[in-house]
Amino acid sequence: MAPRTGSRTPASPAPAPAAAPAVPAPALPVLGGRRSSYRERVADALRAALIAGELLPGEVYSAPALAARFGVSATPVREAMLDLAKEGLVDAVPNKGFRVTDVSDRQLDEYTHVRALIEIPTVVALAGTADPVSLEALRPAAREIVAAAVAGDLIAYVEADTRFHLGLLALAGNAHLVQVVRELRGRARLYGLTALSASGRLLASAEEHLELLDALLARDERAVREIMTRHLGHVRGLWAAARA
């Protein structure tokens, strides 16, 4: 039967509020705010080899030889080496390849000094601001560093070390700061890394990454400062020992 004139149709019940979507745990930060291309990944591997001292200053390396060494094609290696040449890490040698540039002790000292000025206060501040889940997301990289030290894989060590430190700095939310440190790390040379690995002392330095994470999670700013200061001090010791 039709409703009488003037009567109101009962209002439909309001829909129940939708359940909030589950928030996934944050993944390891994407360094520099973007994902790397294949060419950039090749450049990162070559840069790691330079930093680790696997590619020696003054030596000339051809793109095909490097491609065979890294198991990739020559074209991305050549393109990546041209990128590294723009950064001053290698010089192009016509019809031969690329010569690895040397870095003076003074330059290495200056790079480390600037890194300390940037990284130590930034990481100490993270002890009071960083989300614990985001910090825990860095633990796999820290474990990779330890595993690489145990295996004596210096290139893997440098790559994982770079991801850890830049990922940690990315938690501060300053992409420019991350890029500056990335460039400083790329210009450095850890000439003594091979000797440190051979002596078994590389493992102690690797384990400091896990120690640092634990101090950050404990919100212990004093411990974070001490670990960061000690850890960056190893960098200068690496080439001091190698050049003594």
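Any value given below was found using the heavy atoms of this structure, including those in side chains, with hydrogens, waters and symmetry copies removed.
The main-chain N or O of Ala116 is never found under 3.5 Å from a side-chain atom of Glu119 such that the two would form a donor-acceptor pair. Side-chain N or O atoms of Thr129 include one that pairs as donor or acceptor with a backbone N or O of Ala125 at under 3.5 Å. The backbone N or O of Leu56 lies less than 3.5 Å from a partner atom in the side chain of Tyr61, making a donor-acceptor pair. His165 places no side-chain N or O within 3.5 Å of a backbone atom of Thr162 that could act as its donor or acceptor partner. Distance alone, capped at 3.5 Å, is enough to place a donor-acceptor pair between the Thr101 side chain and the Leu89 backbone. Side-chain atoms of Arg219 come within 3.5 Å of backbone atoms of Ala127 as a donor-acceptor pair (strictly under, hydrogens ignored).
Taking both residues in full, the closest heavy atoms of Leu213 and Leu138 are given as CD1-C, 4.0 Å, listed atom of the first, atom of the second, then distance. In terms of heavy atoms, Arg39 sits closest to Ala80 at O-CB, 4.0 Å. A pairwise comparison of heavy atoms in Ala137 and Pro140 identifies O-CD, 3.4 Å as the closest pair. Shown here for Thr122 and Ala172, the closest heavy-atom pair between the two residues is CG2-CB, 3.7 Å. Nearest heavy-atom pair, Phe164 versus His209, reported as atom, atom and distance to 0.1 Å: CD2-CD2, 3.5 Å. Nearest heavy-atom pair across Leu216 and Val123 is CD2-O, 3.5 Å.
Taking hydrophobic clusters as Ile, Leu, Val, Met, Phe, Trp and Tyr residues chained together by side-chain heavy-atom distances below 4.5 Å, Val124 does not share a cluster with Leu210. When the side chains of ILVMFWY residues are joined at heavy-atom separations under 4.5 Å, either directly or via intervening members, Val181 and Val103 end up in a single hydrophobic cluster. Cluster membership for Leu203 and Leu232, using ILVMFWY side-chain heavy atoms within less than 4.5 angstrom, is not shared. Under a hydrophobic-cluster definition in which Ile, Leu, Val, Met, Phe, Trp and Tyr are linked whenever side-chain heavy atoms come within less than 4.5 Å, directly or via other members, Val60 and Val77 are assigned to different clusters. Ile227 and Leu217 end up in the same hydrophobic cluster when Ile, Leu, Val, Met, Phe, Trp and Tyr side chains are linked at under 4.5 Å.
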I'd like to know whether His113 forms a side chain to side chain contact (heavy atoms under 4.5 Å, CB included) with Leu117, so could you lay out the CA-CA distance, the side-chain angles of the two residues, the decisive distance to 0.1 Å, and finally the verdict. CA-CA 6 Å; His113 183 214; Leu117 291 174; 3.9 Å; yes
Please test Leu66 against Arg78 for side chain to side chain contact (heavy atoms under 4.5 Å, CB included), starting from the C-alpha separation and ending with a verdict. CA-CA 9 Å; Leu66 289 173; Arg78 188 175 293 105; over 6 Å; no
Would you sort out whether Val180 and Arg185 count as a side chain to side chain contact (heavy atoms under 4.5 Å, CB included), showing the intermediate values? CA-CA 9 Å; Val180 168; Arg185 290 177 63 94; over 6 Å; no
Check the pair Leu126, Leu135 against side chain to side chain contact (heavy atoms under 4.5 Å, CB included), reporting the backbone distance first and the verdict last. CA-CA 9 Å; Leu126 288 174; Leu135 290 171; 5.5 Å; no
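Salt bridge status for Glu54 with Arg69: present, with a side-chain N to carboxylate O gap under 4.0 Å. Note on Asp44 versus Arg47: salt bridge recorded, some NZ/NE/NH1/NH2 to OD/OE distance being below 4.0 Å. Using a cut-off of 4.0 Å between Lys/Arg side-chain N and Asp/Glu carboxylate O, Arg225 and Asp220 are scored as not salt-bridged. Between Arg163 and Glu144 there is a salt bridge, since at least one side-chain N of the basic residue sits less than 4.0 Å from a carboxylate O of the acidic one. One finds a salt bridge joining Glu208 and Arg230 here, because a Lys/Arg side-chain nitrogen approaches an Asp/Glu carboxylate oxygen to under 4.0 Å.
Rounding to the nearest 0.5 Å places CG of Leu168 at 10.5 Å from OG of Ser134. Interatomic distance, Glu87 CD to Arg182 CZ, rounded to the nearest 0.5 Å: 9.5 Å. Taken to the nearest 0.5 Å, the CD1 atom of Ile118 stands 8.5 Å off from the CG atom of Leu169. Note that the CG atom of Leu202 and the CG atom of Leu154 stand 7.0 Å from one another [nearest 0.5 Å].
Looking only at side-chain heavy atoms (C-beta outward), Met228 and Leu212 come within less than 4.5 Å of each other. Put simply, the side chain of Asp91 does not reach to within 4.5 Å of the side chain of Phe98, judged on heavy atoms. The shortest distance between side-chain heavy atoms of Leu46 and Phe70 falls below 4.5 Å. Contact annotation: the side chain of Arg139 approaches that of Arg143 to within less than 4.5 Å [non-hydrogen atoms, C-beta and beyond]. Between Ser205 and His231, some side-chain heavy-atom pair lies under the 4.5 Å cut-off.
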